[in-house]
> 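Handing you this structure, nothing more for now.
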Amino acid sequence: TQARVMYDFAAEPGNNELTVSEGEIIVITNPDVGGGWLEGKNSQGERGLVPTDYVEIISEGAKDGISCGSSSADQAFLDSLSLNAAQTDSAAKSGSQANSASDPWSSWNVGKSGNWGNGNAVDSWAPKPESATGQRNSASSNWEAAAAFGHPQAYQGPAAADDDDWDDDWDDPKSTSPSYLGYKEAEGVQRGNSRAAAMKLPLNKFPGFAKPGMEQYLLAKQLAKPKEKIPIIIGDYGPMWVYPTSTFDCVVADPKKGSKMYGLKSYIEYQLTCTNTNRSVNHRYKHFDWLYERLLVKFGLAIPIPSLPDKQVTGRFEEEFIKMRMERLQAWMTRMCRHPVVSESEVFQQFLSFRDEKEWKTGKRKAEKDETVGVMIFSTMEPEAPDLDMVEIEQKCDAVGRFTKAMDDGVKELLTVGQEHWKRCTGPLPKEYQKIGKALQSLALVFSTSGYQGESDLNGAITEAGKTYEEIASLVAEQPKKDLHFLMETNHEYKGFLGCFPDIIGAHKGAIERVKESDKLVATSKITPQDKQNMVKRASTMAYALQAEMNHFHSNRIYDYNSVIRLYLEQQAEFYETIAQKLRQALSRFPVM
């Protein structure tokens with residue numbers, strides 16, 4: 001049997017994989033190796049493993065299939081996606097591709113001031129491992145995805161879906177995956193920037209707002225009573241989520257390398273321990289990826305769900321990378337634990353507390369069948385406050401948009417400056433200090449050849465001063481890890497949060513526009529006056545949710561930036577005090593004339 005390769009795939013050495021290119025024809029020698037892999041042979045006679053999702057069988061009557069999902073809500077999500085994709089794709093072609101590729105905010109307007117200016121800052125902080133198909137999560141691919149679908153920072157899916165596929169014994173072959181997992185790309189969307197784009201495209205290019213979904217909420221005759229309720233109360237600073245009486249964190253630790261498929265494939269498994277129960281569960285990166293997708297689908301239009309840390313293809317088991325990824329997974333889990341809505345959600349709790357594989361699979365299926373996703377999450381929210389009028393709703397939405405856009409610009413600027421400073425501190429600056437140190441020691445060596453008896457103390461002092469500058473060079477090179485690293489990581493996290501807001505604001509603006517159109521619909525008898533009242537009430541609920549989320553965001557922002565900048569200044573003060581102490585010590589060796 002022959003198959004046509006749909007996407008480039010770069011093999012990883014030592015994993016029995018086969019490098020293939022888009023359009024290449026290969027012969028399938030084993031169609032089901034297991035774990036989402038097949039064995040193939042190329043025209044040169046080379047054999048190896050290729051992801052099943054990366055090829056299509058060549059046979060008569062072959063059809064491009066879309067896997068059927070178990071959730072009708074996910075299917076509605078896809079329907080709205082195709083409409084949104086068609087609209088945004090034509091808009092992207094008529095606009096400036098360069099600008100939209102660099103600015104996630106360019107896809108929507110604020111107030112009446114037109115499009116925001118496009119920023120050129122890129123994420124130079126996150127590691128970007130290279131592969132044969134380019135950088136999977138590079139800034140350009142992120143922003144190009146934003147131009148098409150409006151979610152600039154969405155995680156692009158496991159690169160090649162290799163080491164982290166679901167174990168066979170954890171998957172029930174009778175249960176179908178959600179339809180978005182197998183959805184093919186819309187026409188006009190570039191595939192080359194993401195190796196796994198076809199596997200999870202709709203979620204990765206999460207549509208911030210689509211009319212069918214918004215109408216489903218705004219114009220529903222009667223909202224079904226959901227089992228879950230998300231109350232919104234009025235606190236000292238306005239609308240707020242209800243926080244649980246006790247908080248908890250989740251410790252990510254003890255990464256261990258495992259294997260499957262008789263040792264052909266490898267993966268890293270992490271231990272997660274909740275601080276409130278001290279119970280531990282083990283999860284692979286693929287499981288975190290699944291949780292991210294479920295949270296994004298469920299809460300993404302109301303709560304910013306930042307993307308996971310990058311998935312690395314080559315060298316993914318190197319100690320430094322494992323340490324960095326674990327640190328970022330820890331930060332991501334801590335963020336989720338700190339959110340009063342996300343942390344109390346059933347899908348999140350089940351992720352942290354399942355007792356065995358059967359319970360995990362049951363919870364996984366249940367989460368994938370959840371109908372309360374997308375815009376319908378607002379149907380679970382109950383503000384304990386009078387309805388807002390449309391003028392106030394629009395003003396508050398615009399205010400959030402202005403602030404988050406301005407903060408996004410500020411965070412990008414600090415990331416850019418910080419990256420430049422990091423490079424200077426770990427490159428040119430230490431070398432300059434080393435050159436000074438070596439030059440001083442060379443000078444002392446020349447002086448020692450003079451034969452003059454009265455300068456040994458001076459020569460010794462100059463030599464020690466040179467050594468001091470070499471020590472300073474080492475201190476300078478190591479210092480960013482002690483202070484700048486944490487400042488950059490915090491900014492990187494908030495860049496992820498802020499990249500979610502164009503979608504959130506887009507959904508709110510879409511609802512506002514629909515309410516504005518309601519008078520015409522009433523006049524033409526397409527909806528009743530009661531329908532219009534319901535639309536205003538539901539838009540008001542959305543506005544309260546936005547304000548509650550922003551109050552949560554601001555309280556965390558104030559705490560985080562106060563903590564991290566204090567740490568940075570404390571470490572900087574200690575750093576310069578250490579240098580001053582070393583210089584004084586070197587100075588004390590010079591004879592007083």
Side-chain angles (χ1 to χ4, degrees), residues 12 14-15 17 33-37 49 51-53 129 136-137 155-173 175 177-178 181 195-196 199-200 203-204 250-274 279-296 305 307-334 336-337 347-365 367-368:
E12 180 173 347
N15 254 354
E17 297 169 356
V33 177
W37 294 82
L49 300 177
T52 305
D53 293 314
R136 178 191 61 74
N137 211 14
Y155 172 60
Q156 298 297 314
D162 45 14
D163 63 313
D164 283 334
D165 282 321
W166 295 102
D167 284 326
D168 294 342
D169 59 346
W170 277 40
D171 272 338
D172 183 354
S175 67
S177 300
L181 290 178
R195 294 175 56 184
M199 296 173 60
K200 300 179 181 180
L203 273 185
N204 299 341
C250 178
V251 178
V252 182
D254 197 22
K256 291 180 180 178
K257 185 177 180 180
S259 63
K260 63 176 185 174
M261 293 171 59
Y262 307 102
L264 289 176
K265 310 303 296 178
S266 300
Y267 58 86
I268 297 294
E269 191 171 62
Y270 301 88
Q271 183 185 75
L272 279 69
T273 306
C274 287
R279 285 191 67 250
S280 297
V281 295
N282 293 325
H283 280 299
R284 292 157 54 185
Y285 187 91
K286 180 70 176 182
H287 307 165
F288 286 95
D289 185 31
W290 175 87
L291 175 64
Y292 162 69
E293 289 175 348
R294 294 322 309 174
L295 294 178
L296 185 62
I305 307 294
S307 61
L308 288 170
D310 287 350
K311 166 76 180 266
Q312 182 163 312
V313 184
T314 58
R316 62 184 176 273
F317 300 129
E318 294 176 3
E319 184 177 348
E320 190 63 29
F321 167 70
I322 292 173
K323 180 182 177 183
M324 174 61 77
R325 186 161 78 172
M326 186 174 73
E327 180 182 328
R328 289 185 170 180
L329 284 174
Q330 175 68 76
W332 190 85
M333 286 300 297
T334 296
M336 298 301 102
C337 289
V347 61
F348 191 75
Q349 287 288 330
Q350 193 268 345
F351 185 80
L352 297 176
S353 60
F354 69 93
R355 289 170 292 185
D356 51 40
E357 294 174 14
K358 182 179 179 181
E359 189 173 300
W360 164 258
K361 288 193 292 184
T362 301
K364 180 173 176 284
R365 290 193 203 102
E368 289 165 356

> Got a donor-acceptor contact below 3.5 angstrom from the Glu17 side chain to the Pro51 backbone?
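The answer is no, because no donor-acceptor pair under 3.5 Å joins these two groups.
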
> Could you tell me if the side chain of Leu272 sits less than 4.5 Å from the side chain of Phe351, heavy atoms only?
yes

> Could you walk me through whether Arg284 and Trp290 pass the side chain to side chain contact (heavy atoms under 4.5 Å, CB included) test, one step at a time?
CA-CA 10 Å; Arg284 292 157 54 185; Trp290 175 87; over 6 Å; no

> Are any side-chain N or O atoms of Gln271 and backbone N or O atoms of His283, one a donor and one an acceptor, separated by less than 3.5 Å?
no

> Can you find a heavy atom in the side chain of Val252 that is under 4.5 Å from one in the side chain of Trp332?
no

> Determine whether Arg325 and Tyr270 satisfy the following criterion, side chain to side chain contact (heavy atoms under 4.5 Å, CB included), listing intermediate values before the conclusion.
CA-CA 11 Å; Arg325 186 161 78 172; Tyr270 301 88; 3.2 Å; yes

> Rounded at 0.5 Å granularity, tell me how far CE in Met333 sits from SG in Cys274.
7.0 Å

> When you compare the side chain of Thr362 with that of Glu359, does any pair of heavy atoms fall below 4.5 Å?
no

> Roughly how far, to the nearest 0.5 Å, is the CD atom of Glu327 from the CD atom of Gln330?
9.0 Å

> From Met336 CE over to Ile305 CD1, what is the distance, rounded to the nearest 0.5 angstrom?
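It comes to 5.0 Å.
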
> Ignoring hydrogens, what is the shortest heavy-atom contact between Cys250 and Leu352? Give both atom names and the distance.
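Closest approach of Cys250 to Leu352, heavy atoms only: SG-CD2, 3.7 Å.
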
> Minimum heavy-atom separation for Arg294 and Val347, please, with both atom names.
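Residues Arg294 and Val347, closest heavy atoms: CB-CG2, 4.1 Å.
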
> Working to the nearest 0.5 Å, report the span between CZ of Phe288 and CG of Leu308.
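Phe288 CZ to Leu308 CG: 8.0 Å, rounded to 0.5 Å.
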
> Under 4.0 Å between a side-chain nitrogen and a carboxylate oxygen: does that hold for Glu368 and Lys364?
yes

